[in-house]
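Have a look at the structure below before the remarks.
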There are 2 protein chains.
Amino acid sequence: MAAQGPSRRDRVRQATLAEIRAVARKLLIEQGPAAVTINAVAREMGMSGPALYHYFAGHDELVGAVTADFFRELTAVVEAARDSCPPDEHGRRLLAACRAMRGWAITHQAEFGWVFASPNTAERRPDSPRELAGRDFEQVFLEEVAELWKARPFPVPAPGELHPSIAEQLRVYADSSGVDMPVEAVHVFLTCWIRLYGLLCMEVLNQLSFAYSDLEPVFEECLREMIPKLGLDYDEATSSR
Amino acid sequence: MAAQGPSRRDRVRQATLAEIRAVARKLLIEQGPAAVTINAVAREMGMSGPALYHYFAGHDELVGAVTADFFRELTAVVEAARDSCPPDEHGRRLLAACRAMRGWAITHQAEFGWVFASPNTAERRPDSPRELAGRDFEQVFLEEVAELWKARPFPVPAPGELHPSIAEQLRVYADSSGVDMPVEAVHVFLTCWIRLYGLLCMEVLNQLSFAYSDLEPVFEECLREMIPKLGLDYDEATSSR
DNA sequence: ATGGTTCCCTAATGGCAGTAAGGAAGCCTC
DNA sequence: GAGGCTTCCTTACTGCCATTAGGGAACCAT
């Protein structure tokens, strides 16, 4: 007798779900975001359009699921890069994670761009898979910095030096994300995050092509500026020791 | 006899063009980017859909024209703010321009977000009105920094210290934009630009709402970090002297 | 076997971009 | 001022889209 696993029906369903998302991604890559339609995905699979409604409540949900996939894949890539460095070398781990993020972004421009400017940029419920996966992704960096903070605290603004409004907002955020750092350290982290992620955002949305054709050295310089803010040494973190 | 101005026909046509763009903007603000369709705009004006094709070659061109309008309006607002400060106080002028940019961005979130994630983020010809207006906008900041450089050069990396690839890319850019600064100074400018504009980009695309609800103080802090890079004093530039 | 569940289909609605063809109105020249 | 050209706008149409409704077939548990 077979092990009491998921039923055959369940397995087929999961396979279909996976195929739908794979086809959606293929269409995105090959023909752009606008080509990711319920009908086109179904057609590509040899199904009728309405059949897909047994798997996704509508176009928005499909878009959200695909976006969540991208976040999960990106998270895995970044975690793998991070874990290719020893657990105590936080500088190297962070740099590896950041570079892996950009590496994925430029080798998967369609996917990364989709994350920022997906068809439904607006109405997002905070409990959607998309948002959960997005927070998980960001959490990878946050936790690595928290580890760093625990092992070797970096310089932060003195309590009270922070703008009161920022301090209050970050208190809420730190509570909700359950990270164990003072808000001042969270602020330093987010400042770095905004610069890195913002640079990628602009790169991928073609907002910098008027001046740059290759932003790799700009990104690297951004890292070089970021690393000392976390009390780390760029050369040390870059060299293989 | 009337002055030899544009013919009546021309005037009517210009008025219709203006109304189309105004209605498109109204739809964007009231119902989001997806509501800006040829048909909806025409309906709102009491016209049939196909009639709009006498004014715009297609949906993409309409989108581009509206985007160009936004850039032009933003440019005017930023220029006005800049010119409200004396011509020789470059620090105050720059700060005023930056704050005006964010002010417009948050009071016109729909429009500013549209600039980044308009329906046709992809294929953009460099001679489209959208691109021209976009470069004019960015030029406002570039030129103010160039003035500053002429009046009181700020510290820049030594020649050769810059990554060769960046130097080469910026040489091309500096030539094409006809600005009279060494590439090292252009690099400092673009570094600042990327931070400011990137922050706004992320804010407006809702990429930071997981942590922040009000980014005004974050933006202000960004300015505070930026200003010394241009050899200016934040307090001096902020105070009214 | 049977009854419910799941899956998928066709049909249909209404909206979209864009094309085609024709009518009316303005304008310009002879 | 009469024809003729241009411009503007219309309706009709194609083919796409999202989504809903309803029905048939396969599957599964009892």
Side-chain angles (χ1 to χ4, degrees), chain A residues 1-21 23-24 26-28 30-67 114 118-123, chain B residues 1-21 23-24 27-28 30-67 118-123:
Chain A
M1 161 180 172
Q4 184 63 358
S7 71
R8 162 175 168 73
R9 248 194 158 125
D10 258 15
R11 274 179 291 117
V12 171
R13 184 178 177 83
Q14 292 309 317
T16 307
L17 276 167
E19 187 185 353
I20 292 172
R21 299 194 294 219
V23 169
K26 173 169 164 278
L27 287 172
L28 166 65
E30 291 175 358
Q31 307 182 101
V36 182
T37 68
I38 297 267
N39 283 327
V41 170
R43 203 181 312 128
E44 194 83 7
M45 298 174 63
M47 277 171 68
S48 73
L52 256 70
Y53 285 80
H54 284 274
Y55 299 92
F56 294 97
H59 187 248
D60 285 358
E61 198 176 296
L62 172 60
V63 167
V66 171
T67 309
W114 169 277
S118 38
N120 60 344
T121 299
E123 358 71 66
Chain B
M1 164 184 170
Q4 183 66 354
S7 70
R8 165 179 164 74
R9 243 190 164 134
D10 258 16
R11 275 181 288 118
V12 171
R13 184 178 177 84
Q14 294 308 318
T16 308
L17 275 167
E19 187 185 353
I20 292 172
R21 299 193 295 220
V23 169
L27 287 172
L28 166 65
E30 291 175 357
Q31 307 180 55
V36 182
T37 69
I38 297 268
N39 283 328
V41 170
R43 202 182 311 127
E44 194 83 7
M45 298 174 61
M47 276 171 67
S48 72
L52 256 69
Y53 286 82
H54 284 273
Y55 298 92
F56 294 97
H59 187 249
D60 286 357
E61 200 177 293
L62 172 59
V63 167
V66 171
T67 309
S118 39
N120 60 345
T121 299
E123 357 73 69

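Computed from a predicted model, the values in this text were never measured in an experiment. Just so we're on the same page: letters track the sequence lines, and every chain starts at 1.
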Could you list the residues that satisfy side-chain contact (heavy atoms from CB on, under 4.5 Å) with [X], not counting sequence neighbours?
X	value
A:Gln14	A:Leu17
B:Thr37	B:Asn39, B:Ala40
B:Ala34	none

Distance, nearest 0.5 Å, that separates OG1 of B:Thr16 from OH of B:Tyr55: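 Interatomic distance, B:Thr16 OG1 to B:Tyr55 OH, rounded to 0.5 Å: 4.0 Å.
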Within this structure, what is the CG-CG distance for the pair A:Leu52 and A:Leu62, rounded to the nearest 0.5 Å?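 Here the interatomic distance stands at 7.0 Å.
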Could you check how far [atom1] of [X] sits from [atom2] of [N], rounded to whole Å?
X	N	atom1	atom2	answer
A:Tyr55	C:dT5	OH	C1'	13 Å
B:Glu61	C:dG18	CD	P	10 Å
B:Met45	D:dC8	CE	C1'	12 Å
B:Arg11	D:dT7	CZ	P	17 Å
A:Tyr53	C:dC9	OH	P	14 Å
A:Asp10	C:dC7	CG	C1'	14 Å

Heavy-atom pair of closest approach, residues [X] and [Y]:
X	Y	answer
A:Val66	A:Ala24	CG2-CB, 3.8 Å
A:Gly58	A:Tyr53	CA-CE2, 3.9 Å
B:Phe56	B:Arg21	CZ-CG, 4.1 Å

Residues 31-47 of chain A vs salt bridge (charged side-chain N to carboxylate O under 4.0 Å, His left out), sequence neighbours excluded, gives A:Lys26-A:Glu44
Look at all strands and tell whether A:Phe56 reaches a base, only sugar-phosphate, or nothing, counting heavy atoms closer than 4.0 Å. nothing
Could you write nucleotides 25-30 of chain D as a row of B, S and -, 5' to 3', where a protein heavy atom under 4.0 Å of any base atom gives B, of only sugar-phosphate atoms gives S, and otherwise -? --BS--
Strictly under 4.0 angstrom, non-hydrogen atoms only: write out the protein contact profile of nucleotides 10-17 of chain D, one letter per nucleotide from the 5' end, B, S or -. BBB----B
So, OP1 or OP2 of C:dC7: does either fall under 4.0 Å of a side-chain N or O from A:Arg13? yes
